[in-house]
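As the structure lists them, so they are numbered: ligands from 1, and atoms in each ligand from 1.
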Amino acid sequence: MAKYIFITGGVVSSVGKGISVASIGRILKSRGISVSVQKLDPYLNVDPGTMSPYQHGEVFVTQDGAETDLDLGHYERFIGVELTQASNVTSGQVYSSVIAQERRGDFLGGTIQVVPHVTNETKRRIKKVAEISQAEIIIVEVGGTVGDIEGQPFLEAIRQMRKDEGRDNVLYIHVTFLPHIAATDEIKTKPTQHSVNELRRIGIQPDAILCRSDKEISSGIKDKISLFCDVDKEAVISLVTSETIYEVPLLLEDAGLGEFIVHRLGLRAEKSDLGEWRDMVARLKASKEPVIIGLVGKYVGLRDAYYSVREALCHAALAHNRDVRIEWLDSEQLDGMADDKLRQVQGIIVPGGFGYRGIEGMIKAAKFARERRIPYLGLCLGMQVMVIELGRDAFHTDKVNSTEFDASSSYPVIDLLPEQNGVKEKGGTMRLGTYPCHLVEGTMAARAYGSEVVYERHRHRYEFNNDFRQPLQEAGLVASGLSPDGRLVEIAEVRDHPWMVACQFHPEFKSRPDSPHPLFVGFIGAAKETLVEGAQTSLPLN
Ligand code: GLN
């Protein structure tokens with residue numbers, strides 16, 4: 001039978017609750033305990049797939065094609081698990097399934113209420129993760145902060161879980177923030193006391209409190225929190241802002257959290273083995289020569305929009321013993337100054353995106369990369385942009401486009417598949433999740449992967465248009481990754497270029513700090529050889 005750890009947040013959001021959850025997963029895994037994770041998001045959207053990156057940051061895609069919260073990315077990267085759609089539950093999903101049951105007549109005669117109907121549906125979904133994963137520990141993060149109106153039914157559901165599952169099988173951890181007042185050089189505990197009071201009002205007494213702060217907290221502060229919040233002092237864990245997120249499992253382990261959880265839940269565990277993780281963090285923190293990558297996108301003002309891309313670049317750079325320095329280039333502003341900005345980077349990456357805004361700047365960046373022989377990695381939209389740019393050059397017209405941006409283009413090199421043409425709804429109607437991709441021998445992609453078939457995650461509507469495969473191949477395009485039936489171009493690259501590789505899928509979702517993604521490793525490998533000032537032409541031909 002699985003045991004549960006529920007994580008709530010207090011005081012303010014964005015203090016790294018997701019990273020803490022992922023880190024707890026890692027420290028348990030390092031003791032030989034199997035772990036699965038779930039995020040309960042209180043908003044009413046069915047999934048974040050229809051939300052703007054400005055609202056929500058990146059949409060993370062699981063192998064089974066769920067569009068989920070970016071915290072699932074942290075969980076997968078830290079714990080090394082592959083999660084499923086069951087791992088992200090929103091209020092929107094819970095309410096729509098309760099209402100669908102009501103319409104079907106499942107509760108005939110009854111009044112449908114938050115307690116017990118919404119809470120029962122929530123608990124059913126929590127237990128489903130235990131069932132699917134068969135893990136010993138299920139860590140469940142409740143999104144938002146305690147006190148949010150929307151989060152109340154989830155908190156009520158997790159409160160009931162302690163009674164349902166048995167007191168020794170459920171643990172509550174509250175993540176708070178301790179502000180530092182500069183004028184008096186003091187760390188304040190009052191907001192934490194208030195948020196713990198709010199939790200208790202609902203009936204949840206936390207077993208441990210993770211105190212996020214920018215400065216180390218003293219033993220006296222721990223005493224105070226322990227006293228006012230009624231938590232053992234050993235369970236008041238200080239989590240000071242760290243240099244790299246990957247250090248957090250080490251900080252929590254060293255602060256005794258692993259020991260506390262194992263003891264409290266009566267788990268049979270091995271000795272903690274974080275040796276390799278510790279080495280990885282030491283290598284990450286060591287100062288290294290940087291490799292400068294220009295990331296050209298339209299959401300660069302909000303870096304969370306490209307979270308997995310940023311992490312994948314960092315993992316791949318580490319594999320080359322480099323630091324990555326990302327220049328965030330707003331594709332809408334890549335006008336006359338484009339060349340100046342692009343000249344200062346060693347590699348260009350164009351990540352995913354939707355809609356016409358900013359596209360022309362991305363095309364400009366792809367052109368720069370192709371002509372100046374700067375390493376380029378295109379991710380989903382970044383592949384479509386690369387194909388459009390090559391087409392414009394080959395066919396000598398700016399009419400070349402994707403039908404997403406110009407529905408009446410006479411050169412629609414990127415288009416919907418015929419079977420997608422009738423689709424009207426926006427939510428959940430894309431090609432989503434893992435598909436196989438066969439690599440074509442002798443290509444850069446095949447060399448990077450070193451295997452024949454790979455499985456990668458998709459999230460897009462548009463595809464490479466085969467009507468143009470022949471002429472584009474004549475113009476220098478290489479279709480280096482294909483669907484098993486050969487019909488879909490999944491990876492494309494440019495011939496006689498040091499590294500210009502782009503894929504229709506999102507490799508960034510599969511990169512891990514201890515297992516970087518081959519396409520990113522290949523890209524950084526080429527980028528690190530690129531000299532910033534005019535020496536690109538000395539690169540050997542592929
Ligand atoms: N907008 C493009 C499509 O729908 C690319 C999507 C993406 O980059 N994820 O095909």
- M430, any N or O under 3.5 Å of ligand 1 N or O: no

- Between H74 and Y307, is the gap from one ring center to the other below 6.0 Å? yes

- Task: Please state whether H506 comes within less than 4.0 angstrom of ligand 1, counting heavy atoms only.
- Result: yes

- Among all protein non-hydrogen atoms, which one is nearest to atom 10 (O) of ligand 1, and what is the separation to 0.1 Å? Y462 N, 2.8 Å

- Message: Y299 vs E58, test: side chain to side chain donor-acceptor pair (under 3.5 Å). Steps then yes/no.
- Response: CA-CA 10 Å; Y299 310 115; E58 166 185 282; over 6 Å; no

- Message: Salt bridge check, R431 against E490: does any charged N sit closer than 4.0 Å to a carboxylate O?
- Response: yes

- Message: Testing the 3.5 Å rule here: is there a donor-acceptor pair between the side chains of Y246 and E311?
- Response: yes

- What atoms in ligand 1 come closer than 4.0 Å to a heavy atom of G352? 8 (O)

- Residue, atom name and distance, where the atom is the protein heavy atom closest to atom 7 (C) of ligand 1: C380 SG, 3.0 Å

- Query: Using the benzene-type ring in the case of Trp, are the ring centres of H517 and Y449 under 6.0 Å apart?
  - Reply: yes

- Numbering as shown, the atoms of ligand 1 that approach E404 to under 4.0 Å (heavy-atom distance): 1 (N), 2 (C), 3 (C)

- Hey, is ligand 1 close enough to Q384 that some N/O pair sits below 3.5 Å? yes

- Task: Ignoring angles and geometry beyond distance, decide whether L381 reaches within less than 3.5 Å of ligand 1 through its nitrogen or oxygen atoms.
- Result: yes

- Query: What is the nearest protein non-hydrogen atom to atom 9 (N) of ligand 1, stated with its residue, atom name and distance?
  - Reply: R459 O, 2.8 Å

- Task: Go through the side-chain N and O atoms of T62 and R457 and say whether any donor and acceptor fall under 3.5 Å apart.
- Result: no

- Task: Determine whether more than 12 heavy atoms belonging to other residues, nucleotides or ligands lie under 6.0 Å from atom CD of E474.
- Result: yes

- ligand 1 N/O within reach of R461 N/O, cut-off under 3.5 Å: yes

- Query: In the protein, which heavy atom is nearest to atom 5 (C) of ligand 1, and how far is it?
  - Reply: G353 O, 3.4 Å

- Are K298 and E332 within salt-bridge range, i.e. N to O under 4.0 Å? no

